[in-house]
Number of protein chains: 2
Amino acid sequence: MTVMHTPAATARPTPTRTGTCAPEPPRHPRPDGQDHYTISEVVAFTGLSAHTLRWYERIGLMSHIDRSHTGQRRYRNRDLDWLDFVGKLRLTGMPVADMVRYAELVRAGDETRAARRALLESTRGDVLTRIAELQDALAVLDVKIGLYAEGTES
Amino acid sequence: MTVMHTPAATARPTPTRTGTCAPEPPRHPRPDGQDHYTISEVVAFTGLSAHTLRWYERIGLMSHIDRSHTGQRRYRNRDLDWLDFVGKLRLTGMPVADMVRYAELVRAGDETRAARRALLESTRGDVLTRIAELQDALAVLDVKIGLYAEGTES
DNA sequence: GGCTTGCCTGGAGCGCACTCCAAGGTCTTA
DNA sequence: TAAGACCTTGGAGTGCGCTCCAGGCAAGCC
C-alpha cells in the first residue's frame, strides 16, 4: 500500500525535519467580514507560496479565481475553504494528481458524489496504513534509542 | 516540523496509494545458516531493486560490501540487518541524506554514540508529529466521508 | 564456439511538487 | 513624473529518490 510495495514504488514520506530553528511563515488567521483577498494575503493565510497558488490554479486543483479589473487574482472565502481542505489532503500524502481528480469530480457536479466518496475512503485507508507503518517504525526507533540510553548499542 | 512550515518547505508525503492491485515483490524470508548472498538474493529479501542497492552503497548508506573473486557483491547477514534498519528509517520518512549521516556516524565509531542517539530522537519527534498530522487529516476525512454518507455533501 | 544469465560500471533520465526567472503591466505615494 | 511595491505570464530549473541505459566481463551449458 505504500513504501516499497513494488520495487519501483516511489516512496516519499514527509519530514523535512526542522525540529528547532524553523523560519515559520506568519500564517495569519483569516479576517472575517470580507470576501476578497489578494494573492499575498492568501500567502499569509495559508503559508503556501504565490507560485504554488498560481500553479494550483493552472493544474486545475483550484477552479478559476475571480480577477480584479486589472487582471489580478481576488480570492474569496470559498477559495480559502477549499485551500484548507486541500491542505488536509496534502497532509494525508495524497498525490496532487489525485487531488486534481477530486477537484474535477467536484466541478462535474452531483453525479460524481459516489466517486468522490470512494476517493476519500481510499485515501482514508492509505492514511491508516501509513499511521500503522509509522507506529511500527517508531517502535523500532524506541528500542534503538533505549539501547543507546543504557549504553548497549554499538 | 513538516509540510508547509516554510513556504519553501519540500513536503513529500508517502502514499502511492495502491489499495488493491499491488504487484508486490516476493519478499522471501532470509534463509539461515548462510552468510553471503548475491545482489539478486538481497533483492528478493528486501524488495529493493538491485539499482537501489548499488546506489545505497555508492552514496555511503551502506559500508563497502564484500566482493567475490570476480568482483560481484556478496552481502552478509550484518548487511541485511542494516538494510532492515534502513528500511525502518525509510518508513519514518527520514531523508536519505540523514540516513547517510547516521551511517557515517556509525562508521566513525564510539565517540559518535551521543550524536547518533540525538539523530534518532529527533527522527522520533518527527514521527510523532507526522502521526499527529495524519490523525488530524483523518478526522477531517472522516467528517467529509460522513457528509457524503448522509447525503449532505455538495 | 556460441548463447544465456547474472553481474559490473558511470552517467543520464524520470516523476513529483514545487520554485524561480525574465519581461512586463498597474497602482500608490511623493 | 518617477520610484517602488505588487501583480501578471509561460517556461525553465531544482532537489529528491530512485530508475534506467549502454557497454562490458565472467561463468555455465550445449
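Reminder, nothing fancy here: chain letters follow the sequence lines and each chain counts from 1. Every value quoted in this text rests on a predicted model; they were computed, and no experiment measured them.
In this structure, Trp82(B) and Tyr102(B) have parallel ring planes: the angle between them is below the 30° cut-off, well short of the 60° mark.
Residue Arg58(B) contributes atom CZ, which lies 9 Å from atom P of dT9(C) at whole-angstrom precision. Atom CZ in Arg90(B) sits roughly 5 Å away from atom P in dC18(D) (whole-Å rounding). As rounded to whole Å, 12 Å separates atom P of dC20(D) from atom CZ of Arg54(B). A straight line from CG of Leu53(B) to C1' of dC20(D) spans 15 Å, rounded to a whole angstrom. Protein atom CE of Met94(B) is 11 Å distant from nucleotide atom P of dG17(D), rounded to whole Å. The CG-P distance, from Leu89(B) to dG17(D), rounds to 13 Å in whole Å. For the pair Glu57(B) CD and dC18(D) P, the computed distance is 16 Å after rounding to whole Å. Counting to the nearest Å, the P atom of dT5(C) and the CD1 atom of Ile39(B) are 19 Å from each other.
No contact: Ser68(A) has no heavy atom under 4.0 Å from any strand. In this structure, Arg74(A) reaches neither bases nor backbone, as no heavy-atom distance under 4.0 Å exists between it and the strands shown.
When each of Glu41(B) and His51(B) is assigned the nucleotide of DNA chain C bearing its nearest heavy atom, the one mapping closer to the 5' terminus is Glu41(B).
With hydrogens and angles left out, the side-chain atoms of Tyr37(B) and Asp79(B) include no donor and acceptor closer than 3.5 Å.
The side chain of Trp55(B) lies closest to dC18(D) when the candidates are dC18(D), dT8(D), dC18(C). Distances from the side chain of Thr70(B) to the nucleotides dC18(D), dA26(D), dC18(C) place dA26(D) closest. With dC7(C), dA17(C), dG10(C) as the candidates, the nucleotide lying closest to the side chain of Thr38(B) is dC7(C). Between dT9(D), dC18(D), dT9(C), one nucleotide has an atom nearer to the side chain of Tyr56(B) than all others, and that is dC18(D). Each of dT19(D), dA17(C), dC7(D) was ranked by its minimum atom distance to the side chain of Ser40(A); first place goes to dC7(D).
In this structure, the side chain of Thr46(B) engages the main chain of Val42(B) through a donor-acceptor pair within 3.5 Å.
Between Arg73(B) and dC8(C) there is a side-chain polar atom (N or O) within less than 4.0 angstrom of OP1 or OP2. Residue His69(A) has a polar side-chain atom (N or O) positioned under 4.0 Å from OP1 or OP2 of dC27(C).
The one candidate from Leu53(B), Thr38(B), Leu48(B) that meets the side chain to side chain contact (heavy atoms under 4.5 Å, CB included) condition with Val43(B) is Leu53(B).
Classification of Arg113(B) and Glu153(A) as a salt-bridged pair fails, no side-chain N sitting under 4.0 Å from a carboxylate O.
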